[in-house]
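Note that the structure is predicted; figures quoted are calculated from it, not measured. Every chain is numbered from 1, with letters handed out A, B, ... down the list of sequences.
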Amino acid sequence: MGVSEGDHGNTGGNTGGTPAVRDVGIHEAARRGNLRKLVELGVDPWGHRWDDRQWIGDARDRANEVRFRRADGTELDLPTLEGEGPIDYRAWKAEHGPGEETGPQVRVAGRILLQRPTGKLIFLNLRDWTGDIQIFIGQKQVGEASWKVAQCLDLGDLVGIDGRLGRTNTGELTVFAERLTFLCKAIEPPPEKHHGLVDVEMRQRRRYVDILHTPGVLDTFLRRTRIVKSIRRTLDSHDFCEIEGPTLHTIAGGAAARPFTTHHNALGLDLYMRIALELHLKRLLVGGMERVYELGRVYRNEGISPKHNPEFTMLEVYQAFGDYRSMMDLTEQIIVDAIRAIGAELRLPWGRTTIDFQPPFARKTYDDLFGEHTNVDPADPDAIVAYARDQGLAVDGKHPDVVKSDVFEAFVEDGLKGPVFVMDYPASICPLTKRKAGHPEIAERFELFVDGMEVANAYTELNDPDLQENLFRTQLAGQSEEDSMAKMDHDFIRALRNGMPPAGGLGIGIDRLVMILTNSPSIRDVILFPLLRPESQA
RNA sequence: GAGGGUGUAGCUCAGUCGGUAGAGCAACGGACUUUUAAUCCGUAGGUCUCGGGUUCGAGCCCCGACACCCUCACCA
């Protein structure tokens, strides 16, 4: 850094919360200098209420109100920049004059992204979350007080502008400032103005900078909120009610994953962060909440990858007297509604390809896909084990259906472009699922795959308490207890003994759905604050 | 957990064969009332991620650590 406090003489003695002992970089020193000048002008550098303004996007929408009034009283529309380069608006005025431009009064606020001072005139590019607009600040036009404030502006500061909407000589829509109101100082400089923040690690650690300066980031996260709102709207329109279940569990049930552990001091109780929403929602089915869902965070203590974050958002839905086919229709509607909610087409770009979400999505059985992709008879366990061994998969000591599942995951799932519903899984790997009538070896379960990624998972829910208890007791061969979904939960069994209506249940990984709908290659592109190791404080 | 890659100014990036650390933007000083990544003149800014080693000499070679990215494994 090299610039110590004394060098510029503008950090010492500052009582506005400046850290007492710290090497202040040249950028911070300059900004603190401007901050002090503002204070000397009697301006609060941290601003005040300014909520009677309009969005920049709304101001831009008033562009058609900017008109040219000729001396004879007639009004003309202005030429616009539609698709073309800059316009020589000065020449246009000379041609159509004499006259003057008129435009509506606007009040906007935003962050200074670019500054182009040209002597007694400053152009700003101002941004709020609805868009950008150019500001014209002329020394004569804006008045002495505002001009003095304008001399203290740094990139990244927040300002409010009162002025008239108009166009500059090049035709650019601009607010011609009549008053400048300072709203907040930025002590840290923004990133490089052409490229923004590029370093992936810094983008994640300083998401506030990323959202502001990396193109498309704000849009992706706003789309995420629209998708989530749309999902709630779709479910609410079918009379589902949203609940909040416990996130601290004494038994980490409902899925096969390693949990995070935690501890309650007063109770002296070790607890798990939930890995799924399932078992409590089903208890509510027993309790008569016939259509119920939760949209919330679950935690899995597993590896991190472009498709996995330790905490992620899950939707689980349960519908009394439905089954997995009801859930298939609902899944389609949730996704199609969400795509419409973000104003996208049903044919969505995905990397270098597109994915077509025109319903109905393909529906194929597990065994059919298994046979298509492996040329092995899905009903022949010996052939499957032999195939798995040939392909180098570990088979020793594993239940044949586990081997079949391993083969499916290794050689079928990745090839599923989708969207495709994979239906009817081997019952032995689905301990919470009802068996198909007349086919006890097949579970009424589907998973929705898009580009090899599991996006949704649904069952016809198992509601036979005796069978459920048996499945909890029977560990599958080759599965360690901690890897198994089948963790005994006596209270859940007791709930089933009170009678759970036959039902369909559905789980959707919200982060993955958002990835696909926003064409984001990594789950960390759709999670605001993904887990990172702490920054070293050196 | 295994393998590969990256780490240089506030930011974005160069850095040749191992021989004095570079640019653009940002910053500072100056000029400029219609600019568009404004322009022009000048100035300042570095623990080359960290720690060892080899060498007369290391941003560069070797060893180790840390962080992030990618692939694989566990998982959704």
Side-chain angles (χ1 to χ4, degrees), chain A residues 1-3 7-8 24-31 33-34 81 85-86 88-90 93 113-125 132 134-142 147 154-156 166-172 174 176 187-206 209 213 255-259 275-276 298-314 394 409-410 413 447-449 452-457 480 482-483 485 507-513 515 521-524 530 532-536 538:
Chain A
M1 308 301 148
V3 179
D7 289 357
H8 287 70
V24 176
I26 59 171
H27 296 87
E28 178 169 343
R31 283 158 184 272
N34 282 333
L81 290 166
D88 189 347
Y89 181 38
R90 193 190 332 219
K93 277 198 277 196
L113 291 181
L114 294 173
Q115 205 177 181
R116 292 180 294 281
T118 71
K120 298 182 174 62
L121 169 63
I122 302 171
F123 287 96
L124 302 180
N125 287 31
D132 297 357
Q134 176 169 267
I135 310 295
F136 176 109
I137 302 172
Q139 181 173 18
K140 277 182 191 160
Q141 293 87 335
V142 83
W147 184 252
D154 290 301
L155 296 182
R167 289 187 183 276
T168 58
N169 283 344
T170 54
E172 170 108 8
T174 300
F176 290 84
I187 297 298
E188 301 218 345
E192 211 270 351
K193 68 185 182 189
H194 317 151
H195 305 93
L197 212 48
V198 169
D199 181 68
V200 176
E201 178 178 353
M202 215 175 330
R203 286 186 47 207
Q204 294 175 22
R205 291 194 190 280
R206 306 187 193 173
V209 178
H213 290 101
R258 285 153 213 250
I275 59 170
V298 297
Y299 307 86
R300 298 191 182 177
N301 207 339
E302 307 276 0
I304 293 175
S305 88
K307 294 176 187 172
H308 301 84
N309 194 62
E311 52 177 318
F312 62 103
T313 302
M314 178 89 108
E409 286 174 18
E413 285 185 0
E447 294 192 320
L448 176 67
F449 281 90
M453 200 156 54
E454 182 191 336
V455 172
N457 182 15
S480 69
E482 68 177 350
D483 285 343
M485 283 173 94
I508 294 181
I510 298 301
D511 311 88
R512 289 183 172 181
L513 180 64
M515 281 171 69
S522 168
I523 199 166
R524 288 187 289 275
L532 294 170
R533 283 197 164 82
E535 234 175 325
S536 68

Which value, in whole Å, describes the distance between the [atom1] atoms of nucleotides [N] and [M]?
| N | M | atom1 | result |
| --- | --- | --- | --- |
| B:G18 | B:C56 | C1' | 12 Å |
| B:A38 | B:G51 | C1' | 47 Å |
| B:C60 | B:C68 | C1' | 22 Å |
| B:C69 | B:A27 | C1' | 31 Å |
| B:C11 | B:A58 | P | 27 Å |
| B:U35 | B:C48 | C1' | 38 Å |
| B:G3 | B:G57 | C1' | 35 Å |
| B:A9 | B:A21 | C1' | 10 Å |

Distance check needed: [N] [atom2] versus [X] [atom1], whole Å only.
| X | N | atom1 | atom2 | answer |
| --- | --- | --- | --- | --- |
| A:R258 | B:C74 | CZ | C1' | 6 Å |
| A:F123 | B:A38 | CZ | P | 11 Å |
| A:R206 | B:A67 | CZ | C1' | 13 Å |
| A:E201 | B:C11 | CD | C1' | 15 Å |
| A:L532 | B:C66 | CG | P | 16 Å |
| A:L121 | B:U35 | CG | P | 9 Å |
| A:R167 | B:U35 | CZ | C1' | 16 Å |
| A:I523 | B:C69 | CD1 | C1' | 16 Å |

For a quick test of reading the model, state the closest non-hydrogen atom pair linking [X] to [Y] and the distance between them.
| X | Y | result |
| --- | --- | --- |
| A:P306 | A:M515 | O-CE, 3.8 Å |
| A:F312 | A:D511 | CB-OD1, 3.2 Å |
| A:S305 | A:R524 | O-NH1, 3.5 Å |
| A:R203 | A:L197 | CD-O, 3.5 Å |
| A:R205 | A:P534 | NH1-C, 4.0 Å |
| A:D132 | A:L113 | OD2-CD1, 3.8 Å |

May I ask you to say what [X] touches in the nucleic acid, namely base, sugar-phosphate or nothing, with a heavy-atom cut-off under 4.0 Å?
| X | value |
| --- | --- |
| A:M453 | nothing |
| A:G196 | sugar-phosphate |
| A:F136 | base |
| A:G138 | nothing |
| A:D132 | nothing |

task: Classify the angle between the aromatic ring planes of A:F136 and A:F123 as parallel (below 30°), tilted (30 to 60°) or perpendicular (above 60°).
output: perpendicular
query: What about A:Q134: does its side chain form a donor-acceptor pair under 3.5 Å with the base of B:U35?
result: yes
- prompt: Donor-acceptor pair under 3.5 Å: do we get one between A:T168's side chain and the base of B:U35?
  reply: yes
At a cut-off of 3.5 Å, list every protein nitrogen or oxygen paired with a nitrogen or oxygen from nucleotides 23-27 of chain B, distance to 0.1 Å.
from  : atom 1 : to     : atom 2 : distance (Å)
B:G24 : N2     : A:E192 : OE2    : 3.4
B:C25 : O3'    : A:K193 : NZ     : 3.2
B:A26 : OP1    : A:K193 : NZ     : 2.5
B:A26 : N3     : A:H27  : NE2    : 2.8

- line: Heavy-atom nearest nucleotide on RNA chain B taken for A:P306 and for A:N34; more 5' hit belongs to A:N34
- prompt: Which residue lies toward the 5' end of RNA chain B, A:K140 or A:P117, if each is placed at its nearest nucleotide?
  reply: A:K140
message: I'd like to know if the side chain of A:R31 reaches the main chain of A:L155, judged simply by a donor and an acceptor atom lying under 3.5 Å from each other, with no hydrogens or angles considered.
response: yes
query: Within the distance-only criterion (no hydrogens, no angle test), does the side chain of A:R258 pair as donor or acceptor with the backbone N or O of A:N301 below 3.5 angstrom?
result: no
My understanding is that a pair needs two contacts under 3.5 Å, Watson-Crick or G-U wobble. By that rule, which nucleotide pairs with [N]?
| N | value |
| --- | --- |
| B:U54 | none |
| B:G3 | B:C70 |
| B:C25 | B:G10 |
| B:U39 | B:A31 |

Choosing from [options], which nucleotide comes nearest the side chain of [X]?
| X | options | answer |
| --- | --- | --- |
| A:V200 | B:U33, B:U12, B:C69 | B:C69 |
| A:D199 | B:U12, B:A76, B:U34 | B:U12 |
| A:Q141 | B:U33, B:U35, B:C68 | B:U33 |
| A:V198 | B:C69, B:C13, B:C32 | B:C13 |
| A:S522 | B:C70, B:A38, B:A67 | B:C70 |
| A:L197 | B:C11, B:U35, B:U33 | B:C11 |

side-chain N/O [X] vs [N] OP1/OP2, d < 4.0 Å:
| X | N | value |
| --- | --- | --- |
| A:R512 | B:A76 | no |
| A:R524 | B:C69 | yes |
| A:R116 | B:A38 | yes |

message: Is there aromatic stacking of A:F312 on B:A76 here, judged by a ring-centre distance under 5.5 Å and a plane angle under 30°?
response: yes
field: A:R116, CZ: over 12 other non-hydrogen atoms inside 6.0 angstrom
entry: yes
query: Among A:N457, A:V298, A:I508, which residue meets the side-chain contact (heavy atoms from CB on, under 4.5 Å) test with A:M314?
result: A:V298
